[in-house]
Protein chains: 2
Amino acid sequence: MEPLRADDPTAVAAEVVPGRVAQERPRTRRDEIAEAAARYFAEHGYANAGMRDIAEAVGMRGASLYNHFHSKEEILYAIALRMTEDPQADLLLLDGEGGPVQRLTGLVEAHVRRLARHRVEHLVALRELSALTPEHRRIVTDYRKYYQRRIRDVIEAGARMGVFEVRDAHQSAIAVLDLMNGISWWLRDDHDVDQLVDDYVDFTIRGVLHHQVRS
Amino acid sequence: MEPLRADDPTAVAAEVVPGRVAQERPRTRRDEIAEAAARYFAEHGYANAGMRDIAEAVGMRGASLYNHFHSKEEILYAIALRMTEDPQADLLLLDGEGGPVQRLTGLVEAHVRRLARHRVEHLVALRELSALTPEHRRIVTDYRKYYQRRIRDVIEAGARMGVFEVRDAHQSAIAVLDLMNGISWWLRDDHDVDQLVDDYVDFTIRGVLHHQVRS
DNA sequence: GTCTATAATTGGATAGAC
DNA sequence: GTCTATCCAATTATAGAC
């Protein structure tokens, strides 16, 4: 018989409809562990992190972690899931006010700000995908694909209206995402986030998508 | 007493002066193992690859690998070193003919083509940096910093001449590199490389760096 | 240089008291 | 829910024959 444990994160994932705003939950012990683990994973790599290391970082013994997570992989999954699930809420911006330029600009801003806020978790989610179980990896990947598809669609709409100039909206969407996600590899805490946002709106909207600012 | 083994890759690294063309070596058994390992690392992750798995992929037993490498980490290091050392040769293009635009265009082309040729090794070198020993990681990182610095310098030169329009050459160099390196995460073998090169020259030179093609 | 066999250690996970 | 103590599986790496 399976003992009673913390909720399976898979269940949480199933409840969230892409495009819906994720619920703000109260900060639990689980979250605290996941965050400490993310910091450790980011610095030493998932594989080089022992359960004892993670436990120490949060001030308990290795065995106690199993009251909050079934396994080490589940900790990683919780991190990766959060970093792919939460951004789905930002996709509402693509149905918001203005045309494709304003909408996508809003999404880029939100994406970069969120990434700056959760730099380590974001890095871990990107880099350690291959450490997830196939099932968990699939769930995370599906979210990512949906997010990318939505961006491609705005780009396509903008291209049809003549505000973007692209050869292939799919390829451009990839470029925009790679550009933004690259940030998590080198961002430091002392970076000016507003400046960062400005730069990346410029790189993506005016750069990759060749939007001409009308004067 | 240390037994006689394959050359320490560190020694190879020390011989190469950044900016010099790396020697073309005859294809050794070591290279064969490293390539097979890279494919396995790319698919399953470095940590999930056992020496037995790598050995099987190349048609031998686990113990036999130790005739070619001192450790599993050394295999990874050989891969990572090759993927950071070889591109240094392309930096010669930055001292070549034409102005900053032509020179950097040439480098982007070379970079993307090289990346397409060695997609798996490139991905592994990027993603598994944290699995290297601190010493090895430092060597690889130093090469990368030098490469990035050289790109920043051409961008700065182009900006001074008015052919590029950038706020901060350093930040632009990062964006250009992130954009290109992102390719290794999603590239498939059936991709049209010429098309890819055209797209990424456009994304970087005309996009990120805002170079206006004079008509 | 490759093999079989095995040493040695790490590290995820569990048992059961408190 | 946290602890101590421990199990046990996996796996890097070595020994020594061929």
Side-chain angles (χ1 to χ4, degrees), chain A residues 1-9 26-38 40-41 43-80 124 128 130-136, chain B residues 1-9 26-38 40-41 43-79 124 128 130-133 135-136:
Chain A
M1 186 68 186
E2 186 88 1
L4 198 64
R5 306 232 200 186
D7 290 335
D8 185 336
R27 181 184 180 70
T28 118
R29 196 81 206 271
R30 220 178 122 88
D31 297 327
E32 195 186 342
I33 294 171
E35 266 175 49
Y40 202 97
F41 292 163
E43 187 167 345
H44 303 91
Y46 172 77
N48 301 106
M51 289 301 266
R52 291 164 183 82
D53 300 317
I54 299 167
E56 190 184 20
V58 76
M60 58 169 62
R61 299 294 189 165
S64 304
L65 289 175
Y66 290 88
N67 287 309
H68 305 276
F69 292 92
H70 290 85
S71 67
K72 181 179 151 185
E73 190 270 345
E74 206 197 73
I75 302 179
L76 177 62
Y77 179 49
I79 297 165
V124 169
E128 310 287 5
S130 62
L132 291 173
T133 64
E135 167 68 0
H136 288 168
Chain B
M1 186 68 184
E2 186 88 3
L4 198 65
R5 307 231 201 185
D7 290 336
D8 186 337
R27 181 184 180 69
T28 128
R29 195 79 206 272
R30 221 179 122 88
D31 297 327
E32 194 185 342
I33 293 171
E35 266 175 48
Y40 203 96
F41 292 162
E43 188 167 345
H44 303 91
Y46 173 77
N48 301 106
M51 289 302 263
R52 292 166 183 78
D53 300 318
I54 300 167
E56 190 184 22
V58 76
M60 57 169 63
R61 299 296 188 163
S64 304
L65 289 175
Y66 290 88
N67 286 310
H68 304 275
F69 291 91
H70 290 85
S71 67
K72 181 178 147 185
E73 190 269 346
E74 205 197 72
I75 302 179
L76 177 63
Y77 179 48
I79 297 165
V124 169
E128 310 286 4
S130 61
L132 291 173
T133 65
E135 168 68 2
H136 288 168

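Since the model is a prediction, treat every value here as computed from it, not as a measurement. Every chain is numbered from 1, with letters handed out A, B, ... down the list of sequences.
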Engineer: With the side chain of A:Y66 defined as its heavy atoms from C-beta on, choose the nearest nucleotide among C:dC3, D:dA5, C:dA13.
Structural biologist: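 Ranking C:dC3, D:dA5, C:dA13 by closest atom to the A:Y66 side chain puts C:dA13 first.
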Engineer: Rounded to the nearest 0.5 Å, what's the gap from NZ on B:K72 to CG on B:D53? Could you check?
Structural biologist: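 Reported value, rounded in 0.5 Å steps: 8.5 Å.
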Engineer: Is any side-chain nitrogen or oxygen of A:R61 closer than 4.0 Å to OP1 or OP2 of D:dT4?
Structural biologist: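 The answer is yes; a side-chain N or O of A:R61 sits under 4.0 Å from OP1 or OP2.
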Engineer: Could you give the NE2-to-P distance, from A:H68 to D:dC3, as a whole number of Å?
Structural biologist: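 About 9 Å, once rounded to whole Å.
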Engineer: Rounded to whole Å, how long is the line connecting atom CG of B:L65 with atom P of D:dA13?
Structural biologist: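 From B:L65 CG to D:dA13 P: 11 Å.
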Engineer: Looking for any heavy atom pair under 4.0 Å, which part of the strands does A:A47 touch: base, sugar-phosphate only, or nothing?
Structural biologist: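 Contact class for A:A47: none.
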Engineer: For the pair made of CD in A:E56 and P in C:dG12, what is the distance, rounded to whole Å?
Structural biologist: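 Atom-to-atom, A:E56 to C:dG12, this comes out as 14 Å.
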Engineer: So what does B:R52 hit on the nucleic acid, given a heavy-atom distance under 4.0 Å: a base, only sugar-phosphate, or nothing?
Structural biologist: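 Base: the residue B:R52, judged by heavy atoms under 4.0 Å, touches a nucleobase.
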Engineer: With nearest nucleotides of DNA chain C determined for A:A63 and B:G62 from heavy-atom distances, which residue corresponds to the more 5′ nucleotide?
Structural biologist: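 Looking at DNA chain C, the more 5' nearest nucleotide goes with B:G62.
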Engineer: Give the rounded distance in Å between these two atoms: CD1 of B:I54 and C1' of D:dA13.
Structural biologist: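 Going from CD1 in B:I54 over to C1' in D:dA13 covers 13 Å.
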Engineer: If you only use heavy atoms from C-beta on, which nucleotide in C:dA13, C:dC3, D:dC3 is closest to the side chain of A:S71?
Structural biologist: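 It is C:dA13.
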Engineer: Between C1' on D:dT11 and NE2 on B:H44, what's the gap in Å once rounded to a whole number?
Structural biologist: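 Value for this atom pair: 16 Å.
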Engineer: Tell me the interatomic distance from A:L76, atom CG, to C:dG12, atom C1', rounded to whole angstroms.
Structural biologist: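 One finds 15 Å between C1' of C:dG12 and CG of A:L76, rounded.
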Engineer: Within this structure, what is the NZ-to-C1' distance between B:K72 and D:dA13, rounded to whole angstrom?
Structural biologist: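 Taking NZ of B:K72 and C1' of D:dA13, I get 12 Å after rounding.
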Engineer: In terms of relative ring orientation, are A:Y46 and A:F41 parallel, tilted or perpendicular, with 30° and 60° separating the classes?
Structural biologist: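 Perpendicular.
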Engineer: Just N and O in the side chain of A:S64: are any of them under 4.0 Å from OP1 or OP2 of D:dC3?
Structural biologist: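 Checking A:S64 against D:dC3: at least one side-chain N or O falls below 4.0 Å of OP1 or OP2.
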Engineer: Evaluate whether atom CD of A:E32 has more than 12 neighbouring non-hydrogen atoms of other residues, nucleotides or ligands under 6.0 angstrom away.
Structural biologist: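 Above 12, so yes.
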Engineer: So how far is it from A:R61 CZ to A:M51 CE, rounded to the nearest 0.5 Å?
Structural biologist: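 Answer for the CZ-CE pair, A:R61 versus A:M51, is 15.0 Å.
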Engineer: With rounding to the nearest 0.5 Å, note down the distance linking CZ in A:F69 to CD1 in A:I75.
Structural biologist: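 Rounded to the nearest 0.5 Å, the CZ-CD1 separation comes to 5.5 Å.
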Engineer: Rounded to whole Å, please give me the gap between CE in B:M51 and C1' in D:dA13.
Structural biologist: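 Distance check: B:M51 CE to D:dA13 C1' gives 8 Å.
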